[in-house]
Amino acid sequence: MNYHRTTATSVRFIEHQVKDPAAGMSLDQIDKNIYKHAKALQQLAFRRNELSPASRLPPEILTRIFTLLASRPPSSQALSKPKRYLWVRVVHVCRRWRRVAVGCPALWTRIVFSYPKWARAMLTLSKAMPLVVSHRATRTSRQYPRSVKMVESALQHIQRIKQITLELPSSWLQLIFNTLPGDASAPLLENISVSTSECHTIAPISRMFTLDTPILRTLQLSNCTVHWDSRILHHGRLVSLRISFSVLPRSTAALPQILPVLAHNPNLQTLALRNVLPKSSPHPDTPLDHPPVILPQLSSFELTCEDSFTFVDLARYLSVPRSSSLGLTCGDASEGTDDLLSLAVPHCDPGLGGKAIRALRLSGTSSGWFHIGCCLELEEPSKAELIRPKLSRPAEHLRITCKFGENPIREESAGFISRVLGTPGLRTLEHIHVERLLDLPSDVWWDLLRDQVHIHTIEIRECHATSFLIALNTRVGDGDTPTSSSGNEDGLGSGFGTLSGSTPTPTHHLLPNLGHLTLVAIDFNDEAEGTIFSDALSNFLLSGNRGTVLGSLTIRTCYNVSAEDVARFRDGLVGTVDWDGVVTGPDVMDPRAMAYEPTTSEEEDF
């Protein structure tokens, strides 16, 4: 009996110990047991990681994976939570990954200056590998941030830096580059991009131009002083040169300074000069005696200047391939446009070495700015893009942005468009995009489009379009004179009178292959030449003399369009009508809402 009582007591004691293993232990004993079990769990975790497939990868494979991860540009999330999103997180996965990552100097060559402690460690871990120094910051206080001080420390390793990309306030840039030793050698430096985050100040970075950069290939400076006689610009290996100022600086570069730089870099592929050259005189007193500068590999040339004479003056000394893309922005094109076009338009003429153009973009503003863009490829917008306020634009082979004056459209702009559309290379147009362009008379549109027989897509956005449709509804006669489809038999109103004195026998309408018409933010109550836009569109679709069926009509966010109008359009010669259902709008659209004053950033991207 006593035996059984003793056994039951022992069982109850053992069960209590299992349920509460710390029973009867002191605090010190509990801590020792916690440490012992934690070490055991850690060893088990280490062993488990070693047995996983990822841990069996050779260090060379892991290193390659890590460097690919590090080469991806960081997102905004990565910069706000770097331990979670940046490549640094690989060192927190397991002991082996950490050992491999720390022993890979190439992984730490892209310094993260936003975290100074990391930047200091990365400079050490990168050892002798080439560095990428990239940092962007704005002035939030007068204090010089620690991140910028770390940029100073990194530039002391200039002998192993291969890329510098800085966007900082001008005073910080000056302090950073002033720490460089004089006549320092940068044998690995290939790319330099320096800009100030304060667009109306010029950063004095004179010390940078003392560097010896024998293999520098790209140089991009924005709102920074430029020493045109420095060896950086004359070593002859540049393939990309971009110099820009937000406004024309007081001390500008003259042609005698720029032409030697271009002559010393014949391998240039990209050249962009924005507000670099001063305004030129249409009749210089003493022409510059300089031999032609030949740039046979140039594929992109961009120039922003105050007037067209500046471009003409520079182009007189340059010899560039006609196949290169050309971007011109002139603050005043009221004079010298003939010379400008004679130099620019051949880039769109295959017979002269240029490229055949498939798409044309025309736009303007009420302040007098006018834009024409010629594209090699046709990029039709998707339905989602049609409701966006700004479309993504295809690359433009020829881009001319200029300002004619307060009321340019009736004379200079029409003549400008006519000269460009008359280029043989533009006879292959397939797409026209018209945006915020002030109204042109229908006879002008007819003259511009009469030779365009390949166009199948037209998009009109935020502008008066009645005269454009009137022109589309006219026919091309034997005598190349516009004649309307007027008369009761065609159902056209009085606004479609004959556009010229003669009325030869009609042969076909303008744009006989037109298949798609897109209208965005158009006022259907807009009136021109005695005709309302909705009537002009209806008559255009109902005209039996066109002989062809419009494939599709797309209407997006237009004013004063009704369901009855859309039903009328569907009765015409059109395959499908895609309407977003917007039926309200102002009685009369304000013209300035369609040709608005652009902001500074919009004009820069115009």
Side-chain angles (χ1 to χ4, degrees), residues 191-195 199 217-224 226 228 233 238-249 252-253 255 257-259 261-263 265-280 293-333 336-337 339-348 354-355 357 361 363 369-376 393-403 420 598 600-606:
N191 308 303
I192 296 178
S193 176
V194 180
S195 61
C199 60
R217 293 174 57 81
T218 66
L219 177 62
Q220 180 173 343
L221 301 177
S222 178
N223 293 320
C224 299
V226 181
W228 294 97
L233 293 170
L238 285 177
V239 296
S240 177
L241 176 62
R242 293 179 174 271
I243 309 293
S244 66
F245 295 92
S246 298
V247 295
L248 196 65
T252 56
L255 282 179
Q257 295 174 285
I258 294 179
L259 290 178
V261 172
L262 302 181
N265 293 278
N267 297 320
L268 276 175
Q269 299 174 15
T270 302
L271 175 62
L273 302 174
R274 181 185 173 202
N275 291 328
V276 173
L277 288 166
K279 189 173 183 178
S280 297
V293 176
I294 302 175
L295 301 175
Q297 299 185 39
L298 195 68
S299 60
S300 176
F301 179 29
E302 299 179 19
L303 180 67
T304 300
C305 50
E306 287 196 339
D307 63 348
S308 57
F309 293 115
T310 304
F311 166 70
V312 174
D313 200 17
L314 174 62
R316 185 180 296 118
Y317 298 96
L318 294 183
S319 175
V320 301
R322 295 278 174 79
S323 58
S324 61
S325 63
L326 184 61
L328 303 176
T329 302
C330 301
D332 181 9
T337 54
D339 292 335
L340 184 148
L341 289 175
S342 66
L343 294 167
V345 167
H347 287 256
C348 295
K355 297 290 185 69
I357 303 301
R361 181 186 183 90
S363 58
W369 285 96
F370 170 74
H371 172 84
I372 183 167
C374 304
C375 308
L376 302 178
R393 303 176 185 173
E396 295 173 338
H397 179 68
L398 174 63
R399 173 183 54 80
I400 302 177
T401 304
C402 53
K403 189 172 183 179
V420 176
T600 301
S601 60
E602 286 173 327
E603 255 181 31
E604 290 174 359
D605 187 48
F606 189 40

Close side-chain approach of Val276 to Val226, heavy-atom, < 4.5 Å: no

Side-chain contact, heavy-atom cut-off 4.5 Å: Cys330 with Cys305? yes

Can a donor-acceptor pair be found, under 3.5 Å and without considering hydrogens, that links the side chain of Asp339 to the backbone of Phe309? no

Is there a donor-acceptor pair closer than 3.5 Å between any side-chain N or O of Ser240 and the backbone N or O of Gln269? no

Using modelled atom types only, decide if a donor and an acceptor are shared between the side chain of His347 and the backbone of Ser324 within a distance under 3.5 Å. yes

Knowing that exactly one of Arg399, His371, Glu306 qualifies, which makes a side chain to side chain donor-acceptor pair (under 3.5 Å) with Thr329? Arg399

Is Leu340 close to Ile400 at the side-chain level, that is, under 4.5 Å between some pair of heavy atoms? yes

Side chain to side chain, Ile192 and Thr218, heavy atoms closer than 4.5 Å: no

Heavy atoms, side chains only, cut-off 4.5 Å: are Leu318 and Phe301 in contact? yes

Any non-hydrogen side-chain atom of Leu326 less than 4.5 Å from a side-chain atom of Leu343? no

I'd like to know whether Leu314 forms a side-chain contact (heavy atoms from CB on, under 4.5 Å) with Leu277, so could you lay out the CA-CA distance, the side-chain angles of the two residues, the decisive distance to 0.1 Å, and finally the verdict. CA-CA 9 Å; Leu314 174 62; Leu277 288 166; 3.9 Å; yes

Under a 4.5 Å cut-off applied to non-hydrogen side-chain atoms, are Leu241 and Val261 in contact? yes

